[in-house]
A.B. asks: 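I have a structure I would like to understand better, so I am pasting it below and will then ask my questions one at a time.
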Amino acid sequence: MLTMKDIVREGHPSLRDVAKEVDLPATEQENKLLADMLDFLKNSQDDKIACDYELRPGVGLAAPQLGISKRMIAVHFQDFKGKWYSYGLLNPKIVSHSVEKAYLTSGEGCLSVDRTVEGYVPRYARITIKATDLEGNPIKLRLRDYAAIVFQHEIDHLDGIMFYDHINQTTPFAIPEDAKAIE
Ligand code: K2U
Ligand code: NI
């Protein structure tokens, strides 16, 4: 099982590289890695397992965070209406997005960042993504608000972008123009 020792931290080159597309169909090894990434997130949200294995809770994970520069992400979370999003995705791509932005009023964190970086992270309020799922099927997801933010955080990792790259360095808590606050 994956644990925190498998997650690379700031300064590791894979966090700043542009990850490579996965040739389809994915290999058995790639599918196992993606399944392991999803299991890590589930384990990190199980109080007993997270405590026993000292896992930080996570709602998303990208392969570059494991030092693997491939376009693979996993997400496992409920949105504020209680809808579950639990996916292992290959080659996710944002195919359209809103002009309107959104940001988490709590700011963002990252499993690869062992420090608090304060400030609002402006992202698109609504996105449509296309990807290939763990079963090898093409998938299209229309996402908004918190779900859109989580997926953008993970897809950023595939392009070497960290959440704090989006924070206004001079006025980190300035309300991003035309943006909706997600509590
Ligand atoms: O990519 C990662 O490092 C996982 C992040 C994803 C994330 C952070 C902030 C906003 C959206 C996505 C971790 O999940 S950070 C820890 C966390 C745990 C529960 C809820 C929010 C953030
Ligand atoms: Ni992150």
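Nothing fancy with the numbering, it's 1 onward along the sequence. First listed ligand is number 1; within each ligand, the first listed atom is number 1.
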A.B. asks: Tell me, which N, O or S atom in His157 is closest to the Ni ion (ligand 2)?
C.D. replies: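 Of all N, O or S atoms belonging to His157, NE2 is the one nearest the Ni ion (ligand 2).
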A.B. asks: Angle at the Ni ion (ligand 2) between SG of Cys110 and NE2 of His153, to 10°?
C.D. replies: 130°
A.B. asks: Short N/O distance, under 3.5 Å, between Gln65 and ligand 1?
C.D. replies: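 Yes, since at least one N or O of Gln65 sits under 3.5 Å from an N or O of ligand 1.
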A.B. asks: Whether the side chain of Arg16 engages the backbone of Gly160 through a donor-acceptor N/O pair (distance < 3.5 Å, no angle test) should be reported.
C.D. replies: yes
A.B. asks: So which of Glu154, Arg144, Glu108 actually passes side-chain contact (heavy atoms from CB on, under 4.5 Å) with Ile149?
C.D. replies: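 Only match with Ile149 under side-chain contact (heavy atoms from CB on, under 4.5 Å): Glu108.
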A.B. asks: Near Gly60, which atoms of ligand 1 are under 4.0 Å from a heavy atom of that residue?
C.D. replies: 1 (O), 2 (C), 4 (C), 14 (O)
A.B. asks: Are Asp17 and Ser14 close enough that a side-chain donor and a side-chain acceptor fall under 3.5 Å?
C.D. replies: no
A.B. asks: For atom 16 (C) of ligand 1, which of Ser112, Ser106, Pro57 has the closest heavy atom?
C.D. replies: Pro57
A.B. asks: I need the nearest protein heavy-atom contact for atom 3 (O) of ligand 1: residue, atom name and distance, please.
C.D. replies: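 Going by distance alone, atom 3 (O) of ligand 1 is nearest to Leu111 N, 2.7 Å.
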A.B. asks: Examine Tyr146 against ligand 1 and note whether any of their N/O atoms are separated by less than 3.5 Å.
C.D. replies: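 No, no N or O pair falls under 3.5 Å.
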A.B. asks: Classify the ring geometry of His97 against Tyr124: parallel below 30°, tilted from 30° to 60°, perpendicular beyond 60°.
C.D. replies: parallel
A.B. asks: Any ion pair linking Lys48 and Asp52 (charged N to carboxylate O, less than 4.0 Å)?
C.D. replies: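 Between Lys48 and Asp52 there is a salt bridge, with a charged N closer than 4.0 Å to a carboxylate O.
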A.B. asks: Quick one: which of Asp156, Val150, Leu61 has a heavy atom closest to atom 11 (C) of ligand 1?
C.D. replies: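 Shortest heavy-atom distance from atom 11 (C) of ligand 1: Val150.
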A.B. asks: Which residue owns the protein heavy atom closest to atom 14 (O) of ligand 1, what's the atom, and how far is it?
C.D. replies: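 Residue, atom and distance for the closest contact: Val59 N, 2.9 Å.
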A.B. asks: Quick one: does Ala62 get a heavy atom under 4.0 Å from ligand 1?
C.D. replies: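 Ala62: no contact with ligand 1 (<4.0 Å).
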A.B. asks: Thinking salt bridges, do Asp178 and Lys101 make one under a 4.0 Å N-O criterion?
C.D. replies: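 Answer for the salt bridge query: no.
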A.B. asks: Quick one: which ligand 1 atoms are inside 4.0 Å of a heavy atom on Gly58?
C.D. replies: 14 (O)
A.B. asks: Flag the pair Lys180 and Asp145 as a salt bridge only when some basic side-chain nitrogen lies within less than 4.0 angstrom of an acidic carboxylate oxygen.
C.D. replies: yes
A.B. asks: Which option wins on minimum heavy-atom distance to atom 15 (S) of ligand 1: Ala148, Gly109, Pro64?
C.D. replies: Gly109
A.B. asks: Does only the side chain of Phe151 get under 4.0 Å from ligand 1, or the backbone, or both, or neither? Count heavy atoms.
C.D. replies: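 Neither part.
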A.B. asks: Do the side-chain N and O atoms of Glu183 and Tyr146 include a donor-acceptor pair separated by under 3.5 angstrom?
C.D. replies: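 Glu183 vs Tyr146: no donor-acceptor pair found between side chains.
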A.B. asks: Which ligand 1 atoms, with their elements, are less than 4.0 angstrom from a heavy-atom of Cys110?
C.D. replies: 3 (O)
A.B. asks: Can you name the atoms of ligand 1, numbered from 1 with element, that are less than 4.0 Å from a heavy atom of Glu154?
C.D. replies: 1 (O), 2 (C), 4 (C), 6 (C)
A.B. asks: Pair Tyr164, Glu10 - check side-chain hydrogen bond (donor to acceptor under 3.5 Å, both in side chains), show working.
C.D. replies: CA-CA 12 Å; Tyr164 45 71; Glu10 289 178 287; 2.5 Å; yes
A.B. asks: Within 45° of the axis and under 6.0 Å from the centre of the six-membered ring of Tyr85, does NZ or CZ of Lys83 qualify?
C.D. replies: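 Cation-pi check for Lys83 and Tyr85: passes.
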